[in-house]
Protein chains: 2
Amino acid sequence: MARRNQHSREELQDLAVAAVLEIAERDGVHAVSARSVARQIGYAPGMLYHLFENRDDLILHANARTLDTLAAAMDKAAAKKTPEKALLAMALAYLQLAQQESPRWRLLFEHVMAEGAEVPAWYQAHSERLFALLEQQLQLLAPTRAPSARQLAARAIWSGVHGVCLLAVTGKLDVVSSVREKALVESLVTHYLAGWLAA
Amino acid sequence: MARRNQHSREELQDLAVAAVLEIAERDGVHAVSARSVARQIGYAPGMLYHLFENRDDLILHANARTLDTLAAAMDKAAAKKTPEKALLAMALAYLQLAQQESPRWRLLFEHVMAEGAEVPAWYQAHSERLFALLEQQLQLLAPTRAPSARQLAARAIWSGVHGVCLLAVTGKLDVVSSVREKALVESLVTHYLAGWLAA
DNA sequence: TCTTGTTATTAAACGGTGTTCAGATAATGA
DNA sequence: TCATTATCTGAACACCGTTTAATAACAAGA
């Protein structure tokens with residue numbers, strides 16, 4: 001069978017991306033392969049290579065959707081709060097999402113570009129949106145500071161929170177069960193901010 | 001050919017681990033495979049499965065060596081310093097090592113256990129040594145605080161520093177080139193500590 | 001309506017991966 | 001010297017990402 005023309009190119013891309021996320025959630029990250037995704041959307045594996053450049057491209061499209069979900073959750077979490085509380089709420093929103101939809105986030109955390117391949121600009125734009133949300137609150141919190149200082153603080157906070165979420169989701173943190181991940185994020189954000197503001 | 005008995009089991013394990021690290025450094029992380037490692041040490045791929053349980057086991061042994069190198073560097077960096085300076089020095093030692101031997105660290109950062117497999121206890125012991133080094137300094141810095149508070153702080157700091165190193169090595173941080181990684185680590189550690197001590 | 005051209009789709013293959021295992025070979029102990 | 005034991009290999013299995021020639025269905029024109 002060939003040329004059925006049931007879906008537009010864009011529809012097929014959406015179907016494939018949705019299939020990636022669904023398979024990851026249902027069968028685990030390891031189960032996401034060109035063949036499994038193709039089977040799920042009812043096409044041959046080769047079809048995926050007319051829709052995406054390669055596997056990286058497909059996974060990045062799925063991960064971009066995950067990042068957008070997070071950006072929306074952070075926006076919501078920050079609404080009508082003081083900058084300090086907003087920053088903490090955004091960090092906790094990250095942790096919560098990463099924990100409750102961990103397969104999606106493992107897909108994001110554990111994805112590695114093929115040898116020599118660079119992360120494309122369009123994807124970086126998605127992740128930069130997150131930094132922008134932080135910088136926005138830091139702007140309100142410390143309007144007189146240099147923009148470069150705020151950029152640095154935003155990246156320091158986010159790298160730190162990212163580290164906690166990553167270790168939490170990939171299960172490398174449960175060394176001491178008494179230390180809860182939420183407490184880690186709270187400690188990291190509040191103490192860093194306190195120190196940063198006092199400096 | 002079979003049964004040449006040139007090396008003991010332990011020697012062969014060491015050879016294999018060394019081969020993993022050498023191939024990663026020379027040809028890149030992607031080039032590390034059962035076949036390439038076996039070829040490098042002059043044996044058949046199947047041999048590796050008499051020396052290690054599986055690929056994860058082999059990689060973990062290599063990564064444990066990387067962790068031990070870091071622990072030694074941290075020990076050296078912390079010597080004869082005040083606790084605060086020691087903590088910063090240890091974090092910077094991490095960053096420096098991760099940056100200058102990035103293939104080894106990509107091997108560590110990007111390694112993912114097979115589906116359903118847990119990180120074995122003997123490996124966790126290696127990474128716990130790092131936390132212990134931090135807690136040791138925090139003990140000197142804030143001897144009156146509860147041990148659980150120090151455990152939490154050690155993990156918060158380390159998760160944060162880990163986040164920076166990871167993003168730096170895997171190249172996901174160069175969004176704003178003006179922000180240097182070293183400045184991020186310094187900011188993270190000093191401001192967190194300042195806030196933590198003031199609390 | 002018939003034909004031609006275009007486009008979506010697939011089957012099959014290629015070279016790679018981790019892993020298993022029966023069998024071959026050399027060292028060892030009796 | 002012979003039987004046993006431990007070491008090591010070759011070949012296979014099932015999977016992976018990816019490419020490509022061939023095919024079938026649609027669209028357009030005559």
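For the numbers below, each heavy atom of this structure counts, side chains included, while hydrogens, waters and symmetry mates do not.
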Could you state the [atom1]-[atom2] distance from [X] to [N], rounded to the nearest angstrom?
X	N	atom1	atom2	answer
B/M47	D/dA11	CE	P	18 Å
B/D57	C/dG18	CG	P	14 Å
A/D27	D/dC15	CG	P	14 Å
A/Q6	C/dA8	CD	C1'	11 Å
B/E10	D/dA6	CD	P	15 Å
B/L48	C/dT20	CG	P	12 Å
A/L15	C/dA8	CG	P	16 Å
A/E115	C/dT17	CD	C1'	16 Å

Give one of base, sugar-phosphate or nothing for B/L51, where a contact means two heavy atoms less than 4.0 Å apart. nothing
Any luck finding a side-chain donor-acceptor pair between A/N63 and A/H126 under 3.5 Å? no
Quick one: which of A/E101, A/R104, A/R26 gives a side chain to side chain contact (heavy atoms under 4.5 Å, CB included) with A/L21? A/R104
Please list, chain by chain and in numerical order, all residues satisfying ring-ring contact (aromatic ring centres under 6.0 Å, His included) with B/H61, sequence neighbours excluded. B/F52, B/W122
Quick check on C/dT10: is either OP1 or OP2 less than 4.0 Å from any side-chain nitrogen or oxygen of A/R4? yes
Electrostatic pair B/R9-B/D14, nearest N-O below 4.0 angstrom: no
With respect to A/E135, which candidate in A/R145, A/R150, A/R129, A/R155 satisfies the salt bridge (charged side-chain N to carboxylate O under 4.0 Å, His left out) definition? A/R155
Ring pair (Phe, Tyr, Trp, His ring centres under 6.0 Å) assessment of B/Y192 paired with A/W196: CA-CA 8 Å; B/Y192 178 87; A/W196 187 70; over 10 Å; no
Scan nucleotides 17-20 of chain D against the protein and return all N/O pairs shorter than 3.5 Å with their distances rounded to 0.1 Å.
from, atom 1, to, atom 2, distance (Å)
D/dG17, OP1, A/R55, NH1, 2.9
D/dG17, OP2, A/A34, N, 2.8
D/dG17, N7, A/R35, NH1, 2.7
D/dG17, O6, A/R35, NH2, 2.8
D/dT18, OP2, A/Y49, OH, 2.6
D/dT18, OP2, A/R55, N, 2.7
D/dT18, O5', A/Y49, OH, 3.3

